[in-house]
J.: 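Before I ask anything, here is the structure I am working with.
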Amino acid sequence: MRITALAGGIGGARFLRGLRAAVSPGDEITVIGNTGDDIHLYGLKVCPDLDTVMYTLGGGIHEEQGWGRTDETWSIKEEMKAYGVGPEWFGLGDRDFATHIVRTQMLAAGYPLSAVTEALCARWQPGVRLLPMSDDRVETHVRITDADGPRVVHFQEYWVRLHAAVDAEAIVPVGADTAKPAPGVLEALAEADVVLLPPSNPVVSIGTVLAVPGIREAVAGASAPVIGLSPIVGGAPVRGMADKVLAAVGVETSAAAVAEHYGSRASGGLLDGWLVDSSDADAVARVEAAGITCRAVPLMMSSVEATAEMARTALALAAEVAA
Ligand code: GDP
Ligand code: CA
């Protein structure tokens, strides 16, 4: 079986770890990762979502934090601070720095991001094929109005520095309109037996991947069933501030509204099936009314086994809607 999943950072990575545990040997998982969160810091190209997937599946993640390396030290950051060089608000540990140095060096030598990602994964052996959504530069920017007046900030400044404490007025994936899907992306969607949308952020993770011309069309036109899992449980994100970016695109923070936002494939949208958490069982009728087959099951990724069970349920729903 060939499974293709779109993914952001923590939510995507944790789901993929469960999916990997749920599939049979010989099944192939291709991940199309969000690169709209990418940022250049200290002259280095940092790809937070690709790295979260790579470290989580490769056993190098800081488990409680959900991002960055385990057993991390912070000497470089302290030295930068001693020079008065920031930003202080973005955490890059010493081990993590090595990843960004290797990536930046390879990019400078002329390799595309997809080839660099493959090279980094040769070390981490994530057990999935990890593709960036695009080799072209795409950067999510957020329009806000705060004490400094109306302005546009990089997504990381909005998320990490400002903790999404001010309203996002618009979310703009700068560069997406002229970006091309990375090699293998459209093929992985066309040739998949199942396409999955993990419980990643619908706006700044999945939404950014879909903003690359051709990718939304490839999901909508896939011969495989498309199944999504809700990142929203009980009217709130399980972790993070997804409500702030959902509001920016006019979507209410609920499992049903996110399903409607993706839309049913039968009416030009993306989904055949949608899983909501057991606590959102009352959303099932509304989602099904939108033409999307829906089930309420436990969606808390509290352990790899609990997550694997979510993945098995998603695959079973795929088989059901395909039949
Ligand atoms: P990010 O790039 O690190 O923000 O990660 P993603 O975009 O991949 O995932 C973020 C989303 O994961 C958030 O909106 C959370 O609500 C969701 N999430 C995190 N943990 C869980 C969980 O245990 N269950 C579900 N259903 N969603 C989760
Ligand atoms: Ca992210």
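Side chains included, hydrogens not; waters and symmetry mates left out as well; all remaining heavy atoms used. Whatever order the structure lists ligands and atoms in, that order sets their numbers, starting from 1.
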J.: For atom 24 (N) of ligand 1, find the nearest protein heavy atom and state the residue, atom name and distance (0.1 Å precision).
T.: Leu299 O, 2.7 Å
J.: Identify which of Pro199, Gly33, Pro231 has a heavy atom lying nearest to atom 12 (O) of ligand 1.
T.: Pro199
J.: For the residue pair Tyr262 and Trp274, categorise the inter-ring angle as parallel (less than 30°), tilted (30 to 60°) or perpendicular (more than 60°).
T.: perpendicular
J.: Gly12 heavy atoms, cut-off 4.0 Å: which ligand 1 atoms fall inside?
T.: 8 (O)
J.: How about Glu63 and Gln65: do any of their side-chain heavy atoms sit closer than 4.5 Å?
T.: no
J.: Side chains of Pro231 and Asn201: closer than 4.5 Å at any heavy-atom pair?
T.: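 Heavy-atom side-chain distance check fails, nothing below 4.5 Å.
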J.: Restricting to non-hydrogen atoms, name the atom on Leu246 and the atom on Pro202 that form the minimum distance, rounded to 0.1 Å.
T.: CD2-CG, 4.1 Å
J.: I need the atoms of ligand 1 closer than 4.0 Å to a non-hydrogen atom of Met300, numbered in the order shown.
T.: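 So the answer, numbered in order with elements, is 23 (O).
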J.: Which atoms of ligand 1 have any heavy atom of Gly8 under 4.0 Å away?
T.: 2 (O), 8 (O)
J.: Where the Ca ion (ligand 2) is the corner point, what angle links OD2 of Asp49 with OD2 of Asp37, to 10°?
T.: 90°
J.: Just which atoms of ligand 1 are under 4.0 Å from any heavy atom in Arg239?
T.: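 Ligand 1 atoms under the 4.0 Å threshold to Arg239: 13 (C), 14 (O), 15 (C), 16 (O), 19 (C).
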J.: For Ala242, which part has a heavy atom under 4.0 Å from ligand 1: side chain, backbone, both, or neither?
T.: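 For Ala242, the contact with ligand 1 is made by the side chain alone.
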J.: When you measure from atom 7 (O) of ligand 1 to every protein heavy atom, which one gives the shortest distance, and what is it?
T.: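 Looking only at protein heavy atoms, the one closest to atom 7 (O) of ligand 1 is Ser205 OG, 2.6 Å.
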J.: Under a 4.0 Å heavy-atom limit, does Ile232 contact ligand 1 with its side chain, its backbone, both, or neither?
T.: neither
J.: So which atom in Met133 and which in Val209 form the shortest heavy-atom distance, rounded to 0.1 Å?
T.: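 Met133 and Val209 have their closest heavy atoms at SD-CA, 3.6 Å.
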J.: For atom 3 (O) of ligand 1, what is the nearest protein heavy atom, given as residue, atom name and distance?
T.: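 Here the closest protein heavy atom is Ile10 N, 2.8 Å.
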J.: Nearest protein heavy atom to atom 10 (C) of ligand 1, by residue and atom, and its distance?
T.: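 Scanning the protein heavy atoms, the shortest distance from atom 10 (C) of ligand 1 goes to Asn201 N, 3.8 Å.
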J.: Taking the six-membered ring for Trp, are Phe97 and Tyr42 parallel (under 30°), tilted (30 to 60°) or perpendicular (over 60°)?
T.: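 Rings of Phe97 and Tyr42: tilted, 30 to 60°.
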J.: Would you say His154's side chain and Gln156's backbone share a donor-acceptor pair under 3.5 angstrom?
T.: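 The answer is yes, because a donor-acceptor pair under 3.5 Å joins these two groups.
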J.: Closest non-hydrogen protein atom to atom 26 (N) of ligand 1, residue and atom name please, with distance?
T.: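 Of the protein heavy atoms, Ser230 O, 2.9 Å lies nearest.
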J.: Of all heavy-atom pairs between Val287 and Cys294, which one has the smallest distance, and what is that distance?
T.: CG1-CB, 3.7 Å
J.: Numbering the atoms of ligand 1 from 1, which are under 4.0 Å from a heavy atom of Asp49?
T.: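 So the answer, numbered in order with elements, is 2 (O).
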J.: Determine, for Asp96 against Arg69, whether the closest basic-nitrogen to carboxylate-oxygen distance falls under 4.0 angstrom.
T.: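 The answer is no: the pair does not qualify as a salt bridge.
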J.: What about Trp159: any of its N or O atoms under 3.5 Å from an N or O on ligand 1?
T.: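 Such a contact does not occur with ligand 1.
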J.: Using a strict 4.0 Å cut-off to heavy atoms of Pro237, name the atoms of ligand 1 that fall inside it.
T.: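 Checking each atom against Pro237, I get 16 (O).
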J.: If you look at every heavy atom in Leu50 and Leu113, which pair is closest and at what distance?
T.: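 Distance-wise, the nearest heavy atoms are CD1-CD2, 4.2 Å.
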J.: Tell me, do Val152 and Val142 make a side-chain contact under 4.5 Å, heavy atoms counted?
T.: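 In short, these two side chains do not touch, never coming nearer than 4.5 Å.
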J.: What protein heavy atom sits nearest atom 28 (C) of ligand 1, and how far away is it?
T.: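 Result: Val238 CB, 3.5 Å.
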J.: Side chains of Ser279 and Val233: closer than 4.5 Å at any heavy-atom pair?
T.: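 Of all side-chain heavy-atom pairs linking Val233 with Ser279, at least one is under 4.5 Å.
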J.: Distance under 4.0 Å to a non-hydrogen atom of Ser200: what atoms of ligand 1 satisfy this?
T.: 6 (P), 7 (O), 8 (O), 9 (O)
J.: Got the closest protein heavy atom to atom 23 (O) of ligand 1, with its distance?
T.: Met301 N, 2.8 Å
J.: Identify the closest protein heavy atom to atom 9 (O) of ligand 1: which residue and atom is it, and at what distance?
T.: Gly11 N, 3.1 Å
